[in-house]
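Shown next, in structure tokens, is the structure this report addresses.
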Amino acid sequence: MKLTILGGGGFRVPLVYGALLGDRAEGRVTRVVLHDLDAGRLSAVTRVLAEQAAGVSGAPEVSATTDLDEALSGADFVFSAIRVGGLEGRAQDERVALAEGVLGQETVGAGGIAYGLRTVPVAVDIARRVARLAPDAWVINFTNPAGLVTEAMSRHLGDRVIGICDSPVGLGRRIARVLGGDPNEAWIDYVGLNHLGWVRGLRIAGRDELPRLLADPDLLGSFEEGKLFGADWLRSLGAVPNEYLHYYYFNRETVRAYQRAEKTRGAFLRDQQARFYEELRDPEAAALSAWDRTRAEREATYMAENRESAGAGERDADDLSGGYEKVALALMRAIARDERTTLILNVRNNGTLAALDADAVIEVPCLVDANGAHPVTVAPLPDHATGLVCAVKGVEREVLTAAENGSRTTAVKAFALHPLVDSVTVARRLVEGYTAVHPGLSYLK
């Protein structure tokens with residue numbers, strides 16, 4: 001079975017390959033093709049993978065190419081993990097937004113819109129090529145903003161593109177551990193959009209244990225989201241939000257923390273990864289140990305500004321092990337082998353949330369089998385959450401329209417309508433700022 005990884009020179013690719021090395025069942029991946037536009041990054045990551053596979057019997061064969069059509073042809077699965085504009089693009093997204101006093105995070109607010117406007121045209125081109133070159137392939141989308149990009153690709157691939165994110169899974173596992181349950185046995189009632197969802201219940205042995213958590217201040221203060229949001233606010237909501245909702249609920253505090261930071265997150269990662277790839281230009285360098293060291297630092301500093309603004313302290317060691325590669329492999333195995341499972345995924349709504357149309361991509365628990373991912377019927381969201389979901393989905397639709405017709409006016413509308421952009425004047429300045437620094441937005445007229 002052939003797996004193609006787009007963005008194959010990306011830093012997190014070894015997480016995926018490492019997970020593949022432990023798979024010994026029938027129907028497993030035997031060939032991995034890495035595609036990237038940067039041959040140097042491809043070479044570095046290929047070295048890391050070679051060291052991972054050393055001494056592992058039956059490790060999947062790895063090849064690398066800068067030819068997209070070659071990479072896609074005959075693929076059974078495609079993991080799309082591209083970053084249009086690279087980490088320098090992310091750093092610019094952050095700087096332009098923060099200069100206007102608004103959030104520049106890569107998936108939320110102005111930064112997410114800018115990233116989406118750059119990425120959607122490229123993702124659509126990929127989707128069209130997959131439909132032509134590998135019509136039977138399943139596309140698993142890692143690329144952020146994951147919900148928006150998945151919806152753009154679904155217009156050409158239908159339900160054969162599925163978006164993944166490890167945030168909901170990590171949140172559910174943290175809650176289950178705090179409650180003394182087995183995370184692998186818990187049912188997580190999670191509903192929303194990518195990076196905009198809420199855990200409304202968590203069933204262990206058929207019993208919803210979330211009310212017990214919300215009633216206990218000590219338990220609430222013992223895990224990441226409890227520290228970020230505070231026990232009082234979680235009890236007010238009657239739910240536990242995805243950590244990315246901290247950008248909405250505590251926006252002023254977070255923007256101030258980002259403005260005070262020595263470097264933005266994108267600038268930190270840009271410089272950190274530049275050192276890693278530079279180190280691997282030395283053919284004698286130990287690739288895997290360099291990657292491990294860099295990854296540990298990356299994970300430990302994740303959402304550091306949010307934790308600082310909330311006084312949440314250091315990130316727990318249990319949260320530093322990643323997880324999106326496990327979601328991706330579980331999804332791929334379920335489809336390839338008809339091993340039925342339940343995963344929280346980004347899929348087309350198809351009537352799951354009445355407030356949104358059938359084609360809107362949402363993030364909910366899904367039953368997965370050989371025919372793909374099928375969203376589970378869920379109860380409606382409360383009004384405050386429905387309003388936020390509908391507002392952000394409306395912005396995503398404006399981004400898709402702007403990317404399709406190249407309308408600068410529509411791009412301004414997308415920024416102006418976002419809940420975290422407080423002025424049409426600011427929206428216009430954001431579009432001016434982003435088009436000035438991003439060649440990839442030259443299509444906006």
Side-chain angles (χ1 to χ4, degrees), residues 12 15 103 105-108 144 146 164-184 186-202 204 209-251 253-258 261 265 268-269 295-327 343-344 363 365 385 388:
R12 295 201 289 179
L15 292 171
L103 186 71
Q105 205 276 337
E106 74 164 336
T107 63
V108 177
N144 279 324
I164 67 163
C165 180
D166 59 351
S167 290
V169 176
L171 171 56
R173 295 182 72 84
R174 285 190 287 276
I175 295 174
R177 285 199 299 263
V178 166
L179 291 169
D182 181 350
N184 297 317
W187 169 264
I188 307 166
D189 178 9
Y190 180 94
V191 186
L193 306 179
N194 180 239
H195 290 177
L196 191 75
W198 297 261
V199 171
R200 306 178 303 175
L202 190 137
I204 299 173
E209 297 289 352
L210 192 65
R212 177 164 66 89
L213 173 67
L214 295 173
D216 190 326
D218 291 335
L219 285 180
L220 279 175
S222 67
F223 69 109
E224 180 77 4
E225 285 72 18
K227 297 172 187 176
L228 270 181
F229 294 103
D232 289 344
W233 183 237
L234 295 186
R235 281 197 296 269
S236 296
L237 291 173
V240 182
N242 185 297
E243 60 194 346
Y244 282 82
L245 274 154
H246 193 264
Y247 294 116
Y248 292 88
Y249 294 145
F250 296 91
N251 180 250
E253 295 86 347
T254 305
V255 170
R256 281 199 296 268
Y258 273 65
R265 177 65 172 171
F268 167 79
L269 293 174
R295 181 180 68 88
E297 181 186 21
R298 173 195 175 107
E299 297 296 339
T301 55
Y302 178 66
M303 293 191 79
E305 290 81 8
N306 299 71
R307 297 199 306 280
E308 176 192 336
S309 69
E314 296 296 317
R315 197 167 182 90
D316 291 341
D318 286 343
D319 292 335
L320 303 183
S321 58
Y324 86 128
E325 73 284 355
K326 298 174 185 175
V327 180
L343 298 167
I344 299 172
E363 192 168 70
L388 191 52

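We number each residue from 1, following the sequence as shown.
Taking D232 as the reference, R235 meet the side-chain hydrogen bond (donor to acceptor under 3.5 Å, both in side chains) condition, with sequence neighbours excluded. Partners of R256 by salt bridge (charged side-chain N to carboxylate O under 4.0 Å, His left out), not counting sequence neighbours: none found. V169 meets the side-chain contact (heavy atoms from CB on, under 4.5 Å) test with R173, V327; sequence neighbours excluded. For E363, the side-chain hydrogen bond (donor to acceptor under 3.5 Å, both in side chains) partners are Y190, N194, N346, not counting sequence neighbours. Evaluation of the salt bridge (charged side-chain N to carboxylate O under 4.0 Å, His left out) rule for E106 yields R83, R90 as partners, not counting sequence neighbours. Applying the side-chain hydrogen bond (donor to acceptor under 3.5 Å, both in side chains) criterion to N251, with sequence neighbours excluded, gives no partner residue. In terms of the side-chain hydrogen bond (donor to acceptor under 3.5 Å, both in side chains) criterion, residue partners of R212 (sequence neighbours excluded) are, by chain and number, E209.
Taking OH of Y249 as the start and CG of L234 as the end, the distance is 9.5 Å to the nearest 0.5 Å. Rounding to the nearest 0.5 Å places CG of L220 at 11.0 Å from CD of E225. One distance of note links CG of L179 with CG of D216; it measures 9.0 Å at 0.5 Å rounding. Rounding to the nearest 0.5 angstrom, the gap separating the NE2 atom in H246 from the CD atom in E253 is 7.0 Å.
Listed here is the closest heavy atom pair of I204 and A186: CG1-CB, 4.3 Å. Here the closest non-hydrogen pair linking P365 and I188 is CG-O, 3.4 Å. The two atoms that bring A239 and L214 nearest to each other are N-CD1, 4.1 Å, heavy atoms only. The nearest pair of heavy atoms linking L210 to G201 is CD2-N, 3.6 Å.
For the pair F229/L237, no side-chain contact is recorded, criterion being any heavy-atom separation below 4.5 Å from C-beta on. Between W198 and L245 there is a side-chain heavy-atom pair separated by less than 4.5 Å. The shortest distance between side-chain heavy atoms of V108 and Y248 falls below 4.5 Å. Looking only at side-chain heavy atoms (C-beta outward), E243 and L171 stay at 4.5 Å or farther from each other. Side chains of N242 and L196 form no contact here, defined as non-hydrogen atoms less than 4.5 Å apart. Looking at Y244 and Q105, their side chains come closer than 4.5 Å, going by heavy atoms from C-beta outward. The side-chain heavy atoms of P183 and R177, taken from C-beta on, include a pair separated by under 4.5 Å. Within the 4.5 Å cutoff, the side chain of H195 has no heavy atoms near those of the Y247 side chain.
Salt bridge absent: E224 and R174 never bring a charged side-chain N and a carboxylate O closer than 4.0 Å.
Residue pairs meeting the salt bridge (charged side-chain N to carboxylate O under 4.0 Å, His left out) criterion with at least one partner in residues 188-201, sequence neighbours excluded, are D189-R200.
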